[in-house]
2 protein chains.
Amino acid sequence: MAKRGEKTRQKILDSAEKLFAKRGYHGVTIRQITEDAKVDTALANYHFGSKRNLFDAVLLRRAEELNKVRLEKLEEIEAAAENGVASLEDIIDAFSHPLLDRSERGGPGWKSYFALIAQINNSPEWGGKLMTEYFDPLVRRFIAALKRALPEAREEDIYWSYHFFSGALVLTYAETGRIDNLSDGKVHSSDLDAVQLRMPPFIAAGFRRLCETGGAKN
Amino acid sequence: MAKRGEKTRQKILDSAEKLFAKRGYHGVTIRQITEDAKVDTALANYHFGSKRNLFDAVLLRRAEELNKVRLEKLEEIEAAAENGVASLEDIIDAFSHPLLDRSERGGPGWKSYFALIAQINNSPEWGGKLMTEYFDPLVRRFIAALKRALPEAREEDIYWSYHFFSGALVLTYAETGRIDNLSDGKVHSSDLDAVQLRMPPFIAAGFRRLCETGGAKN
DNA sequence: AATGAAATTCAATGAACGTTGAAATAAGTT
DNA sequence: AACTTATTTCAACGTTCATTGAATTTCATT
């Protein structure tokens with residue numbers, strides 16, 4: 001049974017997740033993490049080997065569940081479609097709903113996790129490499145579904161459309177509060193239910209405009 | 001004449017911009033910056049007071065030009081429209097083109113600057129506060145134009161649509177190379193001309209779907 | 001050439017960094 | 001209860017951090 005130090009491990013992971021999300025990898029020290037977790041400083045290195053390994057462990061912990069549930073959702077809607085080809089709106093929802101739902105209702109750990117992913121995603125230091133490492137297979141599976149939903153589309157238009165979609169989604173779960181300021185409180189970045197309502201139609205319309213009607217030329 | 005130390009100041013700003021863009025505020029040291037700029041370590045503090053002030057100076061240097069040219073472009077297209085109401089596509093282009101154009105053709109300094117903005121934008125540490133500080137007045141002006149272009153829209157739909165637009169744009173000039181990986185080289189994140197062609201139709205279609213046709217309910 | 005302010009160099013500050021090895025403690029196995 | 005291994009504690013390692021004060025150099029103006 002590998003359970004003696006498991007509680008400590010999880011406490012360190014929780015604190016690391018929270019603090020990395022707030023200030024980024026370089027903005028947080030091992031001492032801050034272990035102090036927040038109320039464990040000895042040396043335990044972070046004992047359990048994870050190095051600060052960098054701890055960072056990877058934080059990312060990996062929730063990535064697996066996330067990839068699993070998103071894939072299941074995609075397969076589900078494809079199975080429900082009579083011809084096996086899911087609708088654009090359903091694909092977009094299957095891609096984004098598991099994320100927004102966990103950020104909204106999964107507890108503070110999930111919220112921190114997504115805030116961290118949002119930072120990593122837009123940084124040249126981690127963006128290309130880490131995101132590819134953790135999420136590439138799943139994204140490729142979704143892009144295949146998108147291609148089937150838009151059989152006439154040119155490949156580049158699919159990729160750019162996905163890119164726009166991805167940017168909109170990532171900024172959403174970054175939850176920086178910027179839109180709260182801009183709208184003078186009329187809209188709240190934490191209202192992810194409002195996003196779940198609006199993202200599929202918005203993004204699907206963009207996809208169709210770009211991928212169905214000859215795209216950029218019109 | 002305030003020019004004796006100006007060359008040094010600019011060299012420090014250039015190196016700071018480059019390195020902050022690569023590794024973020026906390027991931028860069030004053031020593032790395034001054035070494036890259038080939039000036040003495042103490043000069044960063046002499047000219048800028050503190051590391052944090054240097055960071056702000058980097059952000060401010062190009063923000064002013066950026067806000068100026070984007071506002072001019074918006075006023076230009078509004079003046080050209082017969083009723084003073086610019087088209088959705090034109091507004092979107094006026095908002096994004098000055099950024100993408102400078103990132104593509106403005107030299108490495110501009111490219112670094114946008115990469116830095118992309119990181120800041122998605123981080124809770126800086127995102128809400130700094131972006132608001134440097135870009136709020138301009139964005140509010142654009143949102144006013146969007147409201148005129150979509151007179152029947154509900155305000156929340158405008159804000160959320162702008163939010164999606166903003167996320168797509170920011171990820172674009174982050175240029176993390178992720179889409180290069182995903183597309184196996186069929187699409188390049190550095191090909192901002194391809195984005196300029198596709199972003200206005202994609203985003204405009206999303207706006208219309210959300211803001212014209214009753215939005216989320218359909 | 002002399003003056004004085006601005007700019008630069010140099011050396012050093014105390015604080016904080018990630019990491020480590022040895023000692024102490026806790027828990028599972030015999 | 002004795003033994004063994006995993007975990008935790010404690011103190012310290014050497015390095016690097018942002019910042020600073022004093023000395024030196026540079027340069028425009030006399």
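We name chains A, B, ... by the order of the sequence lines, and we start the count at 1 in each one.
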- Message: Set out, in order, the CA-CA distance, both residues' side-chain angles and the distance that settles side chain to side chain contact (heavy atoms under 4.5 Å, CB included) for A:L66 and A:Y113, then state yes or no.
- Response: CA-CA 11 Å; A:L66 220 42; A:Y113 182 75; 4.0 Å; yes
How many Å lie between [atom1] on [X] and [atom2] on [N], as a whole number?
{"X": "B:F48", "N": "D:dT20", "atom1": "CZ", "atom2": "P", "answer": "16 Å"}
{"X": "A:E6", "N": "D:dA6", "atom1": "CD", "atom2": "C1'", "answer": "13 Å"}
{"X": "A:Y46", "N": "D:dT5", "atom1": "OH", "atom2": "P", "answer": "13 Å"}
{"X": "A:L43", "N": "C:dG21", "atom1": "CG", "atom2": "P", "answer": "16 Å"}
{"X": "A:N45", "N": "D:dC13", "atom1": "CG", "atom2": "C1'", "answer": "13 Å"}

If I take atom [atom1] from residue [X] and atom [atom2] from residue [Y], how far apart are they, to the nearest 0.5 angstrom?
{"X": "B:S103", "Y": "B:Y173", "atom1": "OG", "atom2": "OH", "value": "9.5 Å"}
{"X": "B:E155", "Y": "B:I158", "atom1": "CD", "atom2": "CD1", "value": "8.0 Å"}
{"X": "A:F20", "Y": "A:S15", "atom1": "CZ", "atom2": "OG", "value": "10.5 Å"}
{"X": "B:D56", "Y": "B:E133", "atom1": "CG", "atom2": "CD", "value": "6.5 Å"}

- Message: Just to verify, what does B:T34 make a side chain to side chain donor-acceptor pair (under 3.5 Å) with, not counting sequence neighbours?
- Response: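 None.
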- Qualifying residues under side chain to side chain donor-acceptor pair (under 3.5 Å), relative to B:R23, sequence neighbours excluded: A:E125
Between the protein and nucleotides 22-24 of chain D, list every N/O to N/O distance that falls short of 3.5 Å.
none

- Item | All pairs passing ring-ring contact (aromatic ring centres under 6.0 Å, His included) where residues 88-107 of chain B contributes a residue, at least two apart |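 Those involving residues 88-107 of chain B are B:F95-B:F142, B:F95-B:Y162, B:F95-B:F165.
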- Query: So does B:H47 get a side-chain nitrogen or oxygen closer than 4.0 Å to the phosphate oxygens (OP1/OP2) of C:dA6?
  - Reply: no
- Item | Pair B:Y25 + B:W126: ring centers closer than 6.0 Å |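 Close enough - the centres of the two rings lie under 6.0 Å apart.
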- Using a heavy-atom distance cut-off of less than 4.0 Å, which residues of residues 28-42 of chain B contact DNA chain C? B:R31, B:D40, B:A42
- Task: Specify the residues of residues 7-26 of chain A, ordered by number, for which at least one heavy atom lies under 4.0 angstrom from an atom of DNA chain C.
- Result: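 Here the set is empty: none.
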- Query: Minimum heavy-atom separation for B:S189 to B:L192, with atom names?
  - Reply: O-CD2, 3.5 Å
- Message: Could you report the tightest heavy-atom contact between A:V195 and A:P200, atom names first, then the distance?
- Response: O-CD, 4.2 Å
- Nearest to the side chain of A:S50, which nucleotide is it out of D:dT8, C:dT19, D:dT19? C:dT19
